[in-house]
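Just so it is clear: chains get the letters A, B, ... in the order the sequence lines come, proteins before strands, and each one is counted from 1. As the structure is a prediction and not an experimental result, all values here were calculated from the model.
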Number of protein chains: 2
Amino acid sequence: MRTLSIAEQEDRKRKLLQAIIHQYIKTGKPVGSAFLAEEDKLDLSSATIRNVMAELENEGYLTHPHTSAGREPTDKAYRYYVDTLVELQHLAVMEEQRIRQEYEARIREIEQVLLSTSKTLSVLSHYTGFVVPPKLEETKLRHLQLVPLDDCRVLVVLVSDTGIVKQRVVMFESPCAPDTLSSMSKMLNDYLRGRSFNEVRDSILDHLAAARQRHEDMFDLAHMLASQTFDMIDESSLYLEGAGNILSLPDFQDQEHMSHLIHLLDQRQNLGELLLRELSGPAAEDKWKGVRVKIGSENKLADLKDLSLVSSTYAIGDKKVGILGIIGPKRMEYSRMISLVGHIASTVSGALNKLVGGKS
Amino acid sequence: MRTLSIAEQEDRKRKLLQAIIHQYIKTGKPVGSAFLAEEDKLDLSSATIRNVMAELENEGYLTHPHTSAGREPTDKAYRYYVDTLVELQHLAVMEEQRIRQEYEARIREIEQVLLSTSKTLSVLSHYTGFVVPPKLEETKLRHLQLVPLDDCRVLVVLVSDTGIVKQRVVMFESPCAPDTLSSMSKMLNDYLRGRSFNEVRDSILDHLAAARQRHEDMFDLAHMLASQTFDMIDESSLYLEGAGNILSLPDFQDQEHMSHLIHLLDQRQNLGELLLRELSGPAAEDKWKGVRVKIGSENKLADLKDLSLVSSTYAIGDKKVGILGIIGPKRMEYSRMISLVGHIASTVSGALNKLVGGKS
DNA sequence: GTTAGCACTCTTAATTACTGAGTGCTAATA
DNA sequence: TATTAGCACTCAGTAATTAAGAGTGCTAAC
């Protein structure tokens, strides 16, 4: 038989790897050489395939659960697959429609958009959908409202220009007259409106100090009130839907995986923070409109080591404000997921922009 | 030997049942006659115990997983146990302290109290803690704030007298001047403040109609705005923490139980509604300060059939506003749980009252 | 360079046998 | 008459054995 060029060899190897990953994604079972030999596609005997497989294993793309088992892809293989082999799949028309409906139906509050988004992600992916909501830090204050609850208690309501509302109860040592409150409210609004939350937190003292001469007695109150209010803004939260989708996957039925998952879910609190850190690092290679993929042990978080993340940022105006995506098993239909997440990210961005109205 | 009176027989039988349930709660394994015979407590031979056990089984208090296994309690047995045998256990001093600290540390917003409560319940029970937050229906409106987002969009912020804040974005067909907004705001506040949300929703048309003569053009806007805002109040939500505690219990490791649990957790949305319906029925026999216990199949919800609920209402002022409690396996330490839930319910009520300030 | 063939490995499932916990019953006992 | 000792019996759980099968690695032929 004729000699193959190195390029041809490599090409064949690549095709084989692709076939293996495909198959493994479909079935979740290790794939053997015999099966691939029958899959007409590449016209090779099982023996040849075995040889190539051995090479691939040496190079770190495949593993052996045990001697007499087929091969299964390593994280490195998935990474290669995602980077080079995946072709962006167009979302089925039906799904696109569904997404659109979802958003037209209930775009009212920003919270609802996000909740609804995580659900949509979960339903369409059949895995777990998540949305990390915008952090307040960078957004600007649109309005600050003081609502007296009783003599010594005031509810402070903050509205950001992204339409997010945060509230906090502040207590005074001594009763505070309605008049004082309303002038304080006016003053605070004048000083703070239009500034970013970060800015407010970092330089609020200065601003208030400047006002000190004029309103001596108001100063302490206002300062106390503002500082108590604004130190809450770094709380992060998370929308997470369809955790059961993963839990009930056959791959995760054993004790080991299960406990990792449960551990992960129980920390809902930190999870948002973690995802944010995990995913907002250095800018992704912008191959699929900002969608990025983290596979298995590429995730720092130990509990994620058997899972993959497909994520994307979403934006209000030009500003990336949050992250959304899906969590699924390593063997997932990457191409569909990437296109799903990408599409939803842009839909959400659209919805939020409409909601917030124009550039901030 | 001397003849035992029926009363004595019954007493012995009861003691035995108690011992069996105790043991089963501790170990989760069926208990056999031999074991009970050695437990000095009741001075009987295993044979006698077997006889009594057989009786108890006939009466429906015990079952046999299979011929050669010990007995395990039925739902009926648990019910009996809870109703008659449980003695209110005093919470360990350490736990009480912990609870107090928890609340002093972060009673700021009502939401935080509730979140923190569900966590505390979970941590102290080692099961799953839940809190169904107050519904708005019965609470009264303290303040309504309009925050203009742009020409055609207004953020409506409602503050209830329980300190709960709800917001919604309302869109106008045509631009709306700031002046109109502020007079509308004043008008709405005048009409609506102090009324219950239900009342507002049910009779708002009349009130606004009355105002029609004076402010013809404002009427449509205000009506639209108010009706759009107030139809959101029947959404219910739920705080749920420590689901993993149950998931990782040895009793629930098998496929069957697992899938029930997952199903349950995935419906977080409806779960609040369901718990509310499940638990707010006819008033409980007021045996433990309003704490009630639902065992296994006593719950309507099929997914709860292998679980027990220990719950209590909590109150603001005299008004019962929500429900909290724990979800755990049927074999739980009922006495500790009952006292825990009872104690936390009253602590929460206290915290909320302090937070809201005085009678509403 | 490719392939057929074969020995070898190791998992998985099925079968079998064994152990022991716990019962139910009967006959002896106080 | 209530209790108990004793014993045969049942059945889940475990371990050991076996058998089947999948898949590999290697070698020799093409």
Side-chain angles (χ1 to χ4, degrees), chain A residues 1-13 15-17 19-20 23-24 27-59 61-73 250-251 253-254, chain B residues 1-13 15-16 19-20 23-24 27-59 61-73 250-251 253-254 256:
Chain A
M1 278 184 186
R2 78 181 187 79
T3 308
L4 285 188
S5 73
I6 295 196
E8 280 170 322
Q9 272 191 46
E10 284 301 309
D11 190 58
R12 191 177 66 183
K13 203 189 275 184
K15 284 221 180 75
L16 184 60
L17 180 56
I20 293 172
Q23 186 57 24
Y24 187 76
T27 65
K29 307 240 172 287
V31 313
S33 54
F35 177 88
L36 290 166
E38 281 170 26
E39 280 275 278
D40 17 322
K41 284 290 184 182
L42 359 93
D43 251 336
L44 296 174
S45 74
S46 64
T48 316
I49 291 177
R50 276 201 292 282
N51 289 336
V52 184
M53 276 172 151
E55 289 178 48
L56 282 167
E57 179 159 6
N58 279 336
E59 296 165 28
Y61 290 102
L62 296 177
T63 17
H64 244 158
H66 52 85
T67 354
S68 81
R71 302 308 214 290
E72 46 191 29
D251 316 41
Q253 288 307 342
D254 58 301
Chain B
M1 273 185 189
R2 75 178 189 81
T3 307
L4 286 188
S5 72
I6 294 197
E8 280 170 321
Q9 273 193 46
E10 285 300 309
D11 190 55
R12 191 178 64 183
K13 203 189 273 185
K15 285 222 179 73
L16 184 60
I20 293 172
Q23 186 57 25
Y24 187 76
T27 65
K29 308 240 173 286
V31 312
S33 55
F35 176 88
L36 291 166
E38 281 170 25
E39 278 277 277
D40 18 321
K41 284 288 184 185
L42 358 93
D43 250 338
L44 295 174
S45 74
S46 63
T48 316
I49 291 177
R50 277 201 292 282
N51 290 336
V52 184
M53 276 172 151
E55 286 178 49
L56 281 167
E57 180 159 5
N58 280 335
E59 295 165 28
Y61 290 103
L62 296 176
T63 17
H64 244 161
H66 52 84
T67 353
S68 82
R71 303 306 215 288
E72 48 191 28
D251 316 41
Q253 287 307 343
D254 59 301
E256 163 79 1

Atom CG of A:L62 and atom P of D:dG23: how far apart are they, to the nearest Å?
-> 14 Å

Nearest whole angstrom, please: distance from the P of C:dT3 to the CG of A:D43.
-> 9 Å

Is the distance from OP1 or OP2 of C:dT3 to the nearest side-chain N or O of A:S45 less than 4.0 Å?
-> yes

Sorted by chain and number, sequence neighbours left out, side chain to side chain donor-acceptor pair (under 3.5 Å) with B:K15 holds for B:D11

In whole angstrom, give the distance that lies between atom CG of B:N51 and atom C1' of C:dT23.
-> 11 Å

D:dA22 P sits how many Å from A:E38 CD, rounded?
-> 11 Å

If you look at every strand shown and take non-hydrogen atoms under 4.0 Å, does B:A69 touch a base, only sugar-phosphate, or nothing?
-> sugar-phosphate

Could you tell me the separation between the CZ atom of B:R71 and the CG atom of B:L56, rounded to the nearest 0.5 Å?
-> 9.0 Å

Measure from CZ on A:R71 to C1' on C:dT9 and round the result to the nearest Å.
-> 13 Å

dist A:E72:CD -> A:E57:CD (nearest 0.5 Å) comes out at 10.5 Å

Can you check whether B:T67 has a side-chain N or O nearer than 4.0 Å to OP1 or OP2 of D:dT10?
-> no

Rounded distance (Å) that lies between atom P of C:dA4 and atom CG of A:L44 | 11 Å

Hey, does the side-chain of B:R50 have a donor or acceptor N/O within less than 3.5 Å of a partner on the base of D:dG6?
-> yes

Look at the side chain of B:S68 and the base of D:dC11, then say whether one donor and one acceptor between them are separated by less than 3.5 Å.
-> yes

Nearest-0.5 Å distance that lies between atom CZ in A:F35 and atom NZ in A:K29 = 13.5 Å

Figure out the CE/C1' separation between B:M53 and D:dT3, and round it to whole Å.
-> 17 Å

What's the spacing between B:R12 CZ and B:D43 CG if we round to 0.5 Å?
-> 11.5 Å

Quick one: on DNA chain D, does B:H66 or B:I49 contact a more 5' nucleotide (nearest heavy atom)?
-> B:I49

Using atom CD of A:E55 as one end and atom P of D:dC26 as the other, report the distance to the nearest whole Å.
-> 13 Å

